[in-house]
Protein chains: 2
Amino acid sequence: MVERTNRRDAIIEVASRLFLERGYAATSVRQIAEEVGVTEAALYYHFKAGKRELLEAVVQCNMPDLIGAVEACQRAETLHDFIVGFARGLAARAREHMNDKMRWLIAEFPNLNEEERALLRAKYLAFRDALRGQVRRFVSDEREAQFIASALLFVMFGYGQLMITLDMQSVIDFDTDDFVERLAQRFAC
Amino acid sequence: MVERTNRRDAIIEVASRLFLERGYAATSVRQIAEEVGVTEAALYYHFKAGKRELLEAVVQCNMPDLIGAVEACQRAETLHDFIVGFARGLAARAREHMNDKMRWLIAEFPNLNEEERALLRAKYLAFRDALRGQVRRFVSDEREAQFIASALLFVMFGYGQLMITLDMQSVIDFDTDDFVERLAQRFAC
DNA sequence: GTCTATAATACGATAGAC
DNA sequence: GTCTATCGTATTATAGAC
């Protein structure tokens with residue numbers, strides 16, 4: 001493992017912010033170096049493989065922490081409470097820019113190499129399995145638990161991308177709490 | 001309305017393909033002109049406002065035809081059949097690159113101006129209302145119909161972005177037909 | 001590790017001939 | 001409408017001094 005200097009981390013942080021704001025292709029190495037307060041040459045010392053290596057680093061540190069949202073509601077005693085708690089956990093993570101990270105990963109997906117795509121898929125799978133494991137506590141049938149976990153996942157993801165990322169919430173009168181409550185009732189019956 | 005020449009349309013077509021493949025920022029005017037088989041100067045004759053005008057044209061012609069998916073299953077006689085038919089309609093549209101278009105719109109969302117964002121929101125609203133109208137045929141309660149329409153929308157969108165756009169289907173054993181069937185049962189009960 | 005300086009190329013955009 | 005030619009700038013990346 002290569003030693004990580006503070007400067008290297010600072011570069012990744014700035015690159016991460018700019019990539020998420022404007023996209024990989026629209027961000028220049030010069031802009032990143034300027035905002036960090038170093039020259040391009042210094043940046044290329046830290047990232048010998050250039051801009052692509054910067055992308056790799058940013059992809060790594062922007063993998064969304066989905067698992068945490070499941071762990072946050074392990075104590076629920078009914079499926080209904082679990083679903084409501086899960087939605088609450090995701091909402092908290094949305095405030096930590098989880099939606100922006102997902103939007104960005106989707107946006108840059110065509111630019112990712114196979115290794116990075118595999119990492120993203122592994123994260124997704126681990127998340128789905130954790131979710132299914134929790135649902136399994138309340139649903140005895142394996143296939144039914146699988147279905148509920150997938151459905152919850154799709155609903156939450158679709159909500160995040162449509163309402164938050166595409167900012168539909170600013171123009172639509174949508175009662176999220178009521179939606180989550182109805183969803184929980186529907187799946188817990 | 002300005003007269004549209006064949007050449008202008010050819011340029012939009014190539015620009016559309018390249019923008020969707022590589023993104024707006026990563027595609028150069030030169031590449032587009034080359035693939036169309038004209039010079040940059042000729043391209044700037046057709047698009048006096050330059051690259052940004054190209055984006056506007058491509059955004060316009062890549063607004064997904066969501067409404068069609070609802071209209072395709074207007075004859076369903078139960079909510080269960082409607083949901084299954086609706087999923088089938090979306091699957092057909094996925095083959096017409098509707099998912100790629102949605103992925104691209106999400107990716108370029110930060111680059112869109114207010115007019116273009118408003119257009120996207122209007123499309124979404126019209127789609128949701130059409131969906132709710134159909135659900136209303138089977139569900140008397142207005143708010144419940146609203147909930148079901150939103151839930152279906154989020155599920156389908158989440159499925160499309162995760163399974164198709166992020167290509168999870170290539171690595172996960174997922175039975176879509178079984179999923180849709182369980183979904184229909186769950187919401188039609 | 002960070003700098004100055006610079007290479008080599010690509011970019012968006014335009015002028016003017018035909 | 002399409003071309004050639006070109007402008008001014010920005011791009012990724014490197015060489016070599018300190």
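These figures come from a predicted structure and were not determined experimentally.
For the pair B:Tyr44 and C:dA13, the criterion of a side-chain N or O lying under 4.0 Å from OP1 or OP2 is met. Side-chain N/O atoms of B:Arg7 include one lying less than 4.0 angstrom from OP1 or OP2 on D:dT2. Regarding contacts with the backbone of C:dG1, a side-chain N or O of A:Tyr45 is found under 4.0 angstrom from either OP1 or OP2. Look at B:Thr39 and you won't find any side-chain N or O under 4.0 angstrom from OP1 or OP2 of D:dT2.
Between the P atom of D:dA13 and the NE2 atom of A:His46 lies a distance of 16 Å, rounded to the nearest Å. Following rounding to the nearest Å, B:Glu53 (CD) and C:dT14 (C1') show an atom-to-atom distance of 16 Å. The separation between A:Leu54 atom CG and D:dA13 atom C1' is 13 Å, rounded to whole Å. Atom CG of A:Leu55 is separated from atom P of D:dT12 by 13 Å (rounded to the nearest Å). A:Gln31 has its CD atom 17 Å from the P atom of D:dT9, to the nearest Å. In this structure, CD1 of B:Ile11 is placed 10 Å from C1' of D:dG1, rounded to the nearest angstrom. Nucleotide D:dA13 holds its P atom 11 Å from the CD1 atom of A:Ile32, rounded to whole Å. Atom P of nucleotide D:dT2 and atom CD of B:Glu34 are separated by 17 Å, given to the nearest angstrom.
Side-chain proximity of B:Val29 to D:dT2, C:dG12, C:dT2: nearest is C:dG12. For A:Ala41, taking side-chain heavy atoms from C-beta onward, the closest of the listed nucleotides D:dC3, C:dG12, C:dT4 is C:dT4. Candidate nucleotides D:dC3, D:dT14, C:dA13 were compared by shortest atom distance to the side chain of B:Glu40, and C:dA13 ranks first. In the set C:dT2, D:dT2, C:dG12, the nucleotide with an atom closest to the side chain of B:Lys51 is C:dG12.
Of the inter-residue distances, the one linking A:Cys61 atom SG with A:Lys101 atom NZ reads 7.5 Å to the nearest 0.5 angstrom. Interatomic distance, B:Arg103 CZ to B:Ile164 CD1, rounded to the nearest 0.5 Å: 13.5 Å.
Open room surrounds CZ on A:Arg143; 12 or fewer heavy atoms of other groups in view lie less than 6.0 Å from it. More than 12 heavy atoms of other residues, nucleotides or ligands lie within 6.0 Å of CD in B:Glu142, so this atom counts as buried by the packing criterion.
Backbone-only engagement by A:Ser28 is indicated by non-hydrogen atom pairs under 4.0 Å involving sugar-phosphate atoms exclusively.
Residues B:His97 and B:Asn62 have side chains not in contact (no heavy-atom distance under 4.5 Å, counting atoms from C-beta outward).
A donor and an acceptor atom sit less than 3.5 Å apart, one in the side chain of A:Arg30 and one in the base of D:dT12.
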